[in-house]
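These notes are about the structure you will find just below.
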Amino acid sequence: MRTHWCGELRPQHIGQKVRLCGWASKIRDHGGVIFIDLRDRSGIVQTVFDPSACLREVHKLASEVGSEYVLLVEGEVVRRPPGTENPKLPTGEIEVRGERIEVLNESKPLPFPLTSDDADEMVRLKHRYLDLRRQRMQRILELRYKFTKAIRDFMDAEGFWEIETPILWKHTPEGAREFIVPSRLHPGKFYVLPQSPQLCKQLLMVAGVERYFQIARCFRDEDPRADRQLEFTQVDIEMSFITREDIFDLVERMLAYAFEHAVGIKVETPFARMSYSDAMERYGTDKPDLRFGMEIADITDIVANSSFQIFSQVASVGGKVKALNAVGCASFSRKDVSELTDIAKRAGAKGLATISVGESEIHSHVAKFLSDGELEAIFERLKATAGDLILIVADKGWLACTALGLLRNHIAAKLNLKRYGDWKFVWVVDFPLLQWDEEEGRYTPVHHPFTSPLPEDECLLIEGANSALPKGHPEHPLSKVRANAYDIVLNGYEIGGGSIRIHKRQLQEALFKAIDLPMEEAHQKFGFLLEAFEYGAPPHGGIALGLDRIIAIIADTENIREVIAFPKTSTGYDPMTGSPTPVSEQLLRDTHIRLSLED
RNA sequence: GGGGCCGUGGUGCAGCCCGGUUAGCACGUCGGCCUGUCAAGCCGGAGGUCGCGGGUUCAAAUCCCGUCGGCCCCGCCA
């Protein structure tokens with residue numbers, strides 16, 4: 001139908017007759033000359049219908065065109081008259097002199113403007129097919145395609161096979177709440193949609209596939225957030241006969257390749273690395289944003305004996321006094337500071353001490369309790385100079401760090417330190433393998449129950465079984481086992497995580513014992529995997545990357561719905577189709593389901 | 001499960017605090033004029049149960065209660 005794309009026309013096409021297809025984006029009818037901006041996937045080009053240069057009926061047809069009419073326009077590419085070029089358009093030096101116009105379809109007036117970005121999201125989602133017509137959304141769709149394409153190209157070159165795994169899967173307790181699918185052929189029984197292809201990809205390793213990947217859809221029936229959806233996509237990878245170094249190397253090269261080939265962004269490799277405990281100590285989070293400094297410092301030793309009772313008391317019971325230098329924030333208003341205090345309190349801190357450093361004086365409600373020597377030592381440790389604002393939280397170590405971590409992010413956002421175009425990847429390693437679950441009264445896996453411990457920590461798993469210390473105690477061997485697991489973090493967002501898996505029965509049994517999962521029950525839940533592991537399972541490990549989140553970061557949006565073609569609202573509703581909906585009585589009967597709705 | 005913010009013609013907003021004209025503005029839309037615009041311009045018109053229900057009041061977009069929907073956060077997300 002067409003000879004060219006609208007957006008590709010340049011001065012080099014001048015003189016050519018072209019036939020274009022697209023939508024009428026913007027119409028400027030001067031009574032005489034009519035301009036119609038014709039838009040297709042590639043961009044926009046101005047078409048002109050001049051009554052002195054085209055047939056009368058062509059001009060009449062053009063005058064009847066409405067917004068978003070679907071058009072076929074034929075004409076000659078000409079240079080725009082001097083002074084009328086539009087530098088805002090890539091095609092702005094030329095225009096198409098319309099000689100023929102055909103209305104392929106009409107359009108009703110639109111429910112929201114396609115030319116601005118601030119329409120109500122609900123309306124956009126209801127008419128997503130219109131929303132996706134907008135150039136910004138098309139760029140995102142294109143970016144997402146190019147990114148996954150690059151990943152496929154790269155993984156192919158590395159010898160990986162993309163293998164599809166079942167969507168109808170088996171219910172396995174632990175982990176996220178699952179979506180269930182009733183079985184018509186097995187009355188009263190259900191499939192579930194996979195939270196991730198985790199177990200499948202491990203079975204593929206037992207199967208000798210060695211190098212697997214998949215752009216995999218995953219489903220979790222948890223409350224969505226700005227950066228979460230009920231269904232999302234992960235780049236799922238698993239390899240045999242490797243150590244975590246191999247995974248790091250592969251993923252670093254893969255991301256560098258995809259960033260460069262999809263978006264032209266050069267990414268520095270190798271990525272930074274940081275232990276979990278380091279991340280918590282220095283940044284107060286397991287997903288530090290390394291685009292800016294402002295590290296958290298420990299000043300417990302400086303103020304342990306100070307006359308400020310809150311500090312000395314916390315120190316004497318094993319707590320920590322942590323501080324952060326909000327560089328250049330001395331001028332924060334009372335309101336700003338009270339906002340900071342609220343954030344700290346939300347994290348569980350009892351309060352926030354601040355010291356505002358001036359040229360010759362300091363402003364602080366705690367300074368009078370601190371000696372000059374103590375103040376000097378604090379300034380020195382935080383490299384504080386005039387104009388800075390020091391924030392101090394005294395509490396249990398991890399709580400003080402977490403509170404300051406939140407403040408660090410808040411202040412950086414306020415000071416505009418989270419700059420777009422800065423790509424700071426970091427591997428966070430050596431997570432604890434287990435965490436104590438107060439409610440359930442047992443240890444639970446931080447990652448998942450097939451994550452191996454660091455080789456040097458395996459003995460702690462055995463020791464743990466015989467320890468005299470109460471479970472949950474921070475010094476209990478089981479609290480101290482580090483996992484051979486890793487997260488990858490980009491600009492403060494966790495974009496993926498993985499581990500080297502357990503592949504030996506003995507270690508797996510020790511792990512189940514540590515989390516108080518009887519072998520019998522383990523077999524009920526994961527029997528197929530445990531059995532598979534008895535037939536020569538190779539050492540293996542892998543990672544899963546959150547594709548939606550990565551695309552969102554590149555597209556510079558906090559909202560993951562922006563990078564999903566047909567997303568759902570934060571209650572899991574789809575305004576376009578109206579789903580979820582009730583189903584017919586017949587379908588319920590077929591699938592042996594009786595509803596018991598309250599009220 | 002809990003908390004915060006929001007809901008006013010098709011779209012984006014104002015009005016709400018301190019109740020009282022015909023609910024205002026911009027965009028879009030419709031009609032007219034207009035031969036170089038690109039946020040085209042000028043003139044005119046249509047379009048609103050102020051999310052819904054209840055209450056207070058002589059009187060409610062405005063105050064109160066409830067409810068529905070949206071967004072964000074905590075819990076949750078191995």
Side-chain angles (χ1 to χ4, degrees), chain A residues 25-39 44-54 59 63 66-68 78 80-89 91-92 95 97 107-127 130-131 172-178 195-196 198-199 218-230 232 342-343 346-348 406 431 433-435 437 439-440 443-451 483 485 494 497-499 511 515 517 525-526 544 546 549 558-559 561 568-573 575:
Chain A
S25 172
K26 208 85 184 176
I27 301 152
R28 293 173 294 280
D29 185 344
H30 288 239
V33 67
I34 301 168
F35 300 99
I36 299 178
D37 287 341
L38 192 64
R39 186 200 68 238
I44 288 179
V45 70
Q46 173 166 279
T47 63
V48 201
F49 297 88
D50 189 329
S52 65
C54 70
H59 184 262
S63 74
S67 197
E68 293 303 308
V78 299
R80 290 196 186 192
T84 66
E85 300 88 354
N86 184 353
K88 288 186 216 160
L89 283 181
T91 59
E95 62 192 7
R97 191 180 291 147
S107 170
K108 292 205 293 185
L110 300 181
F112 61 97
L114 264 43
T115 43
S116 93
D117 279 340
D118 52 9
D120 181 65
E121 197 183 2
M122 193 66 168
V123 184
R124 288 174 53 203
L125 289 183
K126 177 158 185 177
H127 305 276
L130 293 178
D131 191 34
T172 51
E174 316 231 0
R177 193 178 297 118
E178 295 163 320
Q195 311 167 32
S196 83
Q198 180 61 38
L199 302 183
C218 306
F219 306 86
R220 294 183 189 170
D221 190 7
E222 299 290 351
D223 291 3
R225 285 289 146 73
D227 62 350
R228 300 200 311 234
Q229 278 271 297
L230 299 178
F232 60 98
D342 286 346
I343 291 168
R346 236 178 291 147
L406 290 174
F431 283 82
L433 183 69
L434 305 168
Q435 65 193 351
D437 186 322
E439 255 175 57
E440 294 191 43
Y443 282 99
T444 57
V446 168
H447 194 49
H448 62 62
F450 312 106
T451 300
E494 181 197 325
S499 63
L511 191 276
I515 61 172
L517 183 68
K525 291 174 176 172
F526 315 112
R549 219 173 265 180
E558 304 274 312
N559 179 352
R561 293 183 294 275
K568 293 172 183 63
T569 69
S570 69
T571 59
Y573 175 70

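Heavy atoms only: backbone and side chains are in, while hydrogens, waters and symmetry mates are out. Residue numbering restarts at 1 for every chain, and letters A, B, ... go by the order of the sequence lines. No experiment lies behind these values; they were computed from the predicted model shown.
- Counting only distance, with no hydrogens or angles, the side chain of A/Thr47 and the backbone of A/Ile36 share a donor-acceptor pair below 3.5 Å.
- Contacts of A/Glu121 with the nucleic acid, taken as non-hydrogen atoms under 4.0 Å apart, involve only primed sugar atoms and P, OP1 or OP2.
- In this entry the distance linking CE of A/Met122 with C1' of B/rG12 reads 18 Å, nearest Å.
- Rounded to whole Å, atom C1' of B/rG41 lies 16 Å from atom CD1 of A/Ile27.
- Residue A/Gln46 has its side chain nearest to B/rC38 when only B/rG1, B/rC77, B/rC38 are considered.
- Counting any heavy atom pair closer than 4.0 Å across all strands shown, A/Asp29 reaches a base atom.
- Residue-level contact check: A/Thr569 touches the backbone only, with heavy atoms under 4.0 Å from sugar-phosphate atoms and none from bases.
- Counting any heavy atom pair closer than 4.0 Å across all strands shown, A/Glu95 reaches a base atom.
- Nucleic acid contact for A/Arg346: none, since no nucleic acid atom lies under 4.0 Å from a heavy atom of the residue.
- In terms of phosphate contacts, A/Thr571 brings a side-chain nitrogen or oxygen within less than 4.0 Å of OP1 or OP2 of B/rG70.
- For A/Phe232, there are no ring pair (Phe, Tyr, Trp, His ring centres under 6.0 Å) partners two or more places apart in sequence or in a different chain.
- Looking at A/Arg80, its side chain comes within 3.5 Å of the base of B/rC38 through a donor and an acceptor atom.
- Residues passing the ring pair (Phe, Tyr, Trp, His ring centres under 6.0 Å) test with A/His59, sequence neighbours excluded: none.
- In this structure, A/Lys88 reaches the B/rA39 phosphate: one of its side-chain N or O atoms is under 4.0 Å from OP1 or OP2.
- The side chain of A/Arg228 has B/rC76 as its nearest neighbour among B/rC76, B/rG36, B/rU29.
- Under 4.0 Å is where a charged nitrogen must lie from a carboxylate oxygen, and between A/Arg225 and A/Glu558 no such pair does.
- Contacts of A/Pro113 with the nucleic acid, taken as non-hydrogen atoms under 4.0 Å apart, involve only primed sugar atoms and P, OP1 or OP2.
- Here the side chain of A/Arg28 is nearest to one of B/rU29, B/rA40, B/rG36, namely B/rA40.
- Looking at the side chain of A/Phe112, the nearest of the listed nucleotides B/rU11, B/rG1, B/rG36 is B/rU11.
- As judged by a 4.0 angstrom heavy-atom cut-off over every strand, A/Asp50 is placed among the base-contacting residues.
- Listed pair A/Ser570 / B/rG70 fails the phosphate criterion, with no side-chain N or O lying under 4.0 Å from OP1 or OP2.
- Residue-level contact check: A/Pro449 touches the bases, meaning some heavy atom is under 4.0 Å from a base atom.
- Pairing partner, B/rG7: B/rC68, with both Watson-Crick or wobble hydrogen-bond distances short of 3.5 Å.
- Once the 5.5 Å centre distance and the 30° plane angle are applied, the aromatic ring of A/His30 is found stacked with the base of B/rA40.
- At a threshold of 4.0 angstrom between heavy atoms, the contacts of A/Arg561 are confined to the sugar-phosphate backbone, with no base atom among them.
- The side chain of A/Thr84 lies closest to B/rU37 when the candidates are B/rU37, B/rU35, B/rC76.
- Rounded to whole Å, atom P of B/rC77 lies 14 Å from atom CZ of A/Arg549.
- Test A/Val33, A/Asp37, A/Ile34 against A/Arg28 for side-chain contact (heavy atoms from CB on, under 4.5 Å) and you get one pass: A/Asp37.
- Across all strands, A/Gln229 comes closer than 4.0 Å to no nucleic acid atom at all (heavy-atom distances).
- When heavy atoms are screened at a 4.0 angstrom cut-off, A/Asp118 is found touching the sugar-phosphate backbone but no base atom.
- Under 4.0 angstrom from either OP1 or OP2 of B/rA39 there lies no side-chain N or O belonging to A/Lys26.
- When each of B/rG10, B/rG36, B/rG1 is scored by its nearest atom to the side-chain atoms of A/Phe35, the top-ranked nucleotide is B/rG36.
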